[in-house]
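Report on the following structure.
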Amino acid sequence: MGKVCFVIMPYGQDADRRALNSAVYEQIIEPVARSKGYEVHRADTRDVAVGNISQSIVTDLVLADLVIADMSELNANVFYELGVRHALHRNGTVIIIQDGYTIPFDLSQYVTVRYTATLPGLAAAHEKITQAVTAQETALALVTPNSETPADNPVWDFFPSLSSVRSTGTDIALQSEVTRLSAELQSAMDALVSQGIDITGRVTQTESILRSLREANELVQKGGMPALLELRMAAQNNDINLFEGLLQQIMTTPMLTSENYREISEMCKDLGLTPHRVIVLREANRLFPNDTSIVAHLAVAYGDQPQPEMVMRGRQLMEESMGIEYRHGLPSATSRTMDEFVPLAALLDIYMAQEDWEAMKGFCLSARDQGLTSNLIEKNLGRALLYLKDFEGAEAALLAAADAEPANDTISTLLSELYRRTGDFEKALVTQEQALIIDADASNWANLGVEILQNGRIHDAEGKLCGPIPRKERYAEAEVIFNRALQLDSSVAFRQLVAKILLNRSLRTSAQQVLADAHIATTYESRELAYIDPKVSE
């Protein structure tokens, strides 16, 4: 029987803590103990009969050659088990604790290994715990019945005459038995070899299995959940240097799923690492070529770059993935074109980024012919026809989209722009207000206030829009709109912007109130702004 190391540590109160503590055991404690020749386990890694868990733990605390106690989280069970170990053994216990936790006063004078549960801190943790284990082994070798070797705990410091449950005589007898059994085993193996039976192949196979398990541990360390958690933390802390280093490590492992790749690409996007984002998604596309979501994300990543050739590469990738064919110089949907939101949205966003309204129109019309009746198609057909100045066709498509999705601020905004271009200001103002109600964007409300100041339209007593109106009344209506904007965004910068707009219209008093952050007496909610259905004739 080889040396045994028993580990006592918290398991964690939630999934994240359990994952972290398991990673500490698998990536820090277990490798160190094994490198020192110990068979290592903790209570949950052994098969124990139901009802005998406590008995098993106490037995392990008594018989283990070495106990490593992780005091992180200051867990009551761990403290109790450490007390049992201290009561029974002068030496042979190593105490460790994560940075961020304070060791209690009673143990503060004894050696405690502090470690950081991060990938960059692995090497330091390994080294410090290895040194502590070596020190305990040295102390154990010097222990005799009259030993003056310093104890590793307060129990034996205060009562040095206690007797260990594992006496020196017992240890000697055990070692003698091990030596005898080892000799018998070697004799049996020699006898088998003499009969032409060689079992060294099985030994080699066992070594291969152990080597594979070590390699698996290394893979988990580089690309498993602990590594992914470390990458997320670096992204959240905006630590670009650490993020880039961890990214190089995690991208060389086969542990990532397609979902992991998409998440990492979004981290790159948030950190402004556009080239890194493309590389991540390229690798994901190579590994998961049939994942349409990966293709769509990659195409959009190409489109977000400033070089026109990169945008075109993203377009070609998306068109090829969706089975698009060109007819009369325009992209056309085919029977292979999928009716999935993410790929469709990505393709249409690329056409919009390139302002290729003919391509968008051609695709949307052909998609109709293929039975792709998505509201996304109608909305973007209306957008394309609007910028191609086919106002009648644009209105029909956008109104159809609005019928299917009335609470869509993009559709209302496009209708507002359509009516503005055709000179129907009343409908333009109504649809713009509808868009604002949906998205509650302060800047858009401020823009509406500017529209009223410039064009002079207001609601009459029946809730209909009319105008032009006198300047004083026009300003009163605009102020109601600006007040709504300030309710949505009361920041200093935004108040300064609104004040500047008011000053340009000689509304000095209103501007001063805005800058002083004065109480807004007239709120938007106190006025019911009626709307005219744009489909109803005037």
For [X], I'd like to know if atom [atom1] has over 12 heavy atoms of other residues, nucleotides or ligands within 6.0 Å.
X    : atom1 : answer
E392 : CD    : no
E259 : CD    : no
Y326 : OH    : yes
E309 : CD    : yes
E320 : CD    : no

Distance under 6.0 Å and angle within 45° of ring axis: R421 vs F391: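 Not flagged: R421 not positioned over aromatic ring of F391.
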Backbone N/O of [Y] and side chain of [X]: donor-acceptor pair under 3.5 Å:
X    : Y    : result
T116 : T118 : no
T130 : H126 : yes
S72  : I97  : no
N375 : A404 : no
N285 : R282 : no
R114 : D99  : no
S265 : R262 : yes
S22  : A19  : no

What verdict does the side-chain hydrogen bond (donor to acceptor under 3.5 Å, both in side chains) test give for E319 and Y351, after you've listed the backbone C-alpha separation in whole Å, the side-chain angles of each residue and the deciding distance to 0.1 Å? CA-CA 11 Å; E319 289 177 341; Y351 291 151; 2.7 Å; yes
How long is the span from the OH atom in Y101 to the CD1 atom in I96, to the nearest 0.5 Å? 13.0 Å
d(N380 CG, L414 CG) to nearest 0.5 Å is 8.5 Å
Is there a salt bridge (Lys or Arg N to Asp or Glu O under 4.0 Å) between R368 and E378? Walk through the geometry before answering. CA-CA 9 Å; R368 275 182 173 179; E378 293 300 318; 2.8 Å; yes
Under the side-chain hydrogen bond (donor to acceptor under 3.5 Å, both in side chains) rule, what do Q98 and D70 come out as? Steps first, then yes or no, please. CA-CA 8 Å; Q98 290 181 29; D70 190 341; 4.7 Å; no
Compare every heavy atom of V342 with every heavy atom of A296, then report the nearest pair and how far apart it is.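 The pair with the smallest heavy-atom distance is CB-CG1, 3.6 Å.
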I'd like to know if [X] pairs up with [Y] as an ion pair, taking the criterion as any Lys NZ or Arg NE/NH1/NH2 lying under 4.0 Å from an Asp or Glu carboxylate oxygen.
X    : Y    : result
R315 : D356 : yes
E325 : R327 : yes
R277 : D304 : yes

Worked verdict on D369 versus S366 for side-chain hydrogen bond (donor to acceptor under 3.5 Å, both in side chains): CA-CA 5 Å; D369 295 339; S366 64; over 6 Å; no
For the side-chain contact (heavy atoms from CB on, under 4.5 Å) test, which of N238, N237, L273 pairs with F243?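 The side-chain contact (heavy atoms from CB on, under 4.5 Å) with F243 is passed solely by L273 among N238, N237, L273.
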So among T410, L398, L348, which one has a side-chain contact (heavy atoms from CB on, under 4.5 Å) with R383? T410
Steps toward side-chain hydrogen bond (donor to acceptor under 3.5 Å, both in side chains) verdict (E417, Y387): CA-CA 10 Å; E417 184 171 352; Y387 293 117; 3.2 Å; yes
Please check if any side-chain donor atom of T422 sits under 3.5 Å from a side-chain acceptor atom of D424, or the reverse.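 Side-chain D/A pair, T422 to D424: absent.
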